[in-house]
Structure formats: structure tokens, C-alpha cells
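Scope of the values below: all heavy atoms of this structure, side chains included, with no hydrogens, waters or symmetry mates.
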Amino acid sequence: MINVGERIRQLRKAKNITSTNLAQKLGVTQSFISGIETNHKKCSLETLDAICTLLDISLTDFFQEDETEMEANLKELLDASKKLTVEQRDLMTMFLKSLK
């Protein structure tokens, strides 16, 4: 089962966003964000959706547990690759295979 608070903290840190900055963008207090991240406060779906939007991730991707254990730089690479065209992905795949 996914730890929502820990997942938010992980994604926020991967994007180099402070809890204070995230709180300001959401219009909530930093202690509210801290409470969510430490699982002392519940996060509504609406709030989670807003957080995901600010962190540039979909709710679907948020709940994919296999990515939670991925290193931040690999997650960033994966997220960037999702925005590539099919041709760009094919070129990237060929490039990565050439590095082996």
C-alpha cells in the first residue's frame, strides 16, 4: 500500500520544491503540508490532485508504486521521456542501448 505522505515528500524533493513553497502555491500553511507528509493530517482527493498538478504528475502516476522506489534522477528521466514523440523515444532507446 502506498504511503501518500511519503510519496508527496519524495516527489516534492525530487522537484526541489520546499514544503513552504508548495504550501504557498496551494494556499495552505506549511504545517498543513508537513502534517500530510508525516501522515498526521488527511489529504483530500481535491488537495492531492492540486499537489499532483503542481508537481507535474498525474494521479495515476502518483499511485504507481513501482516508481516510488526509483531514484529521483531515474524518475526525472522517465517523466521527461513521457513527453517525447514516438520517434524521439526510438532514438533515445537506440542511444541507451549503445551505452551498454
* Shortest non-hydrogen contact from Asn21 toward Ile17 -> OD1-CG2, 3.7 Å
* Atom CD of Gln88: over 12 foreign heavy atoms under 6.0 Å -> yes
* Asked: If you round to the nearest 0.5 Å, how far is CD of Glu6 from CD1 of Ile2?
  -> 10.0 Å
* Asked: NZ of Lys15: more than 12 outside heavy atoms within 6.0 angstrom?
  -> yes
* Determine the minimum heavy-atom distance between Leu54 and Lys25, stating which atoms define it. => CD1-CB, 3.7 Å
* Asked: Taking side chain as C-beta onward, heavy atoms only, is Leu78 less than 4.5 Å from Leu74?
  -> no
* To do: Decide side-chain hydrogen bond (donor to acceptor under 3.5 Å, both in side chains) for Thr29 and Ser31; before the verdict, give the C-alpha distance in whole Å, the side-chain angles of both, and the deciding distance to 0.1 Å.
  => CA-CA 5 Å; Thr29 64; Ser31 63; 3.1 Å; yes
* What's the verdict on side chain to side chain contact (heavy atoms under 4.5 Å, CB included) for Ile33 and Leu26, showing C-alpha distance, side-chain angles and the deciding distance? -> CA-CA 9 Å; Ile33 297 298; Leu26 285 172; 3.7 Å; yes
* Asked: Between Ile57 and Asp79, is any pair of side-chain heavy atoms under 4.5 Å apart?
  -> no
* I would like to know whether Asp61 and Lys82 meet side chain to side chain contact (heavy atoms under 4.5 Å, CB included); could you show each step before the answer? => CA-CA 11 Å; Asp61 288 341; Lys82 291 177 182 177; 3.0 Å; yes
* To do: For residues Thr38 and Arg9, determine if any side-chain heavy atom of one lies less than 4.5 Å from a side-chain heavy atom of the other.
  => yes
* To do: Taking all heavy atoms of Cys52 and all of Ser58, pick out the closest pair and write down the distance.
  => SG-O, 4.4 Å
* Atom pair CD1 (Ile36) and NZ (Lys41), whose distance is rounded to the nearest 0.5 Å -> 8.5 Å
* About how many Å separate CD of Glu87 and CE of Met92, when rounded to the nearest 0.5 Å? -> 14.0 Å
* Is there a donor-acceptor pair closer than 3.5 Å between any side-chain N or O of Thr47 and the backbone N or O of Cys43? -> no
* **Full working for side chain to side chain contact (heavy atoms under 4.5 Å, CB included) between Ser19 and Arg12** => CA-CA 8 Å; Ser19 58; Arg12 176 180 60 74; 3.9 Å; yes
* To do: Determine the minimum heavy-atom distance between Leu11 and Phe62, stating which atoms define it.
  => CD1-CD1, 3.6 Å
* Given side chain to side chain contact (heavy atoms under 4.5 Å, CB included), test Leu48 with Ile8 step by step and report yes or no. => CA-CA 9 Å; Leu48 181 58; Ile8 291 170; 4.0 Å; yes
* Can you get from Leu77 to Met94 by hopping between Ile, Leu, Val, Met, Phe, Trp and Tyr side chains that sit under 4.5 Å apart? -> no
* Asked: Looking only at heavy atoms, which two atoms of Gln64 and Arg7 are closest? And how far apart?
  -> O-NH2, 4.3 Å
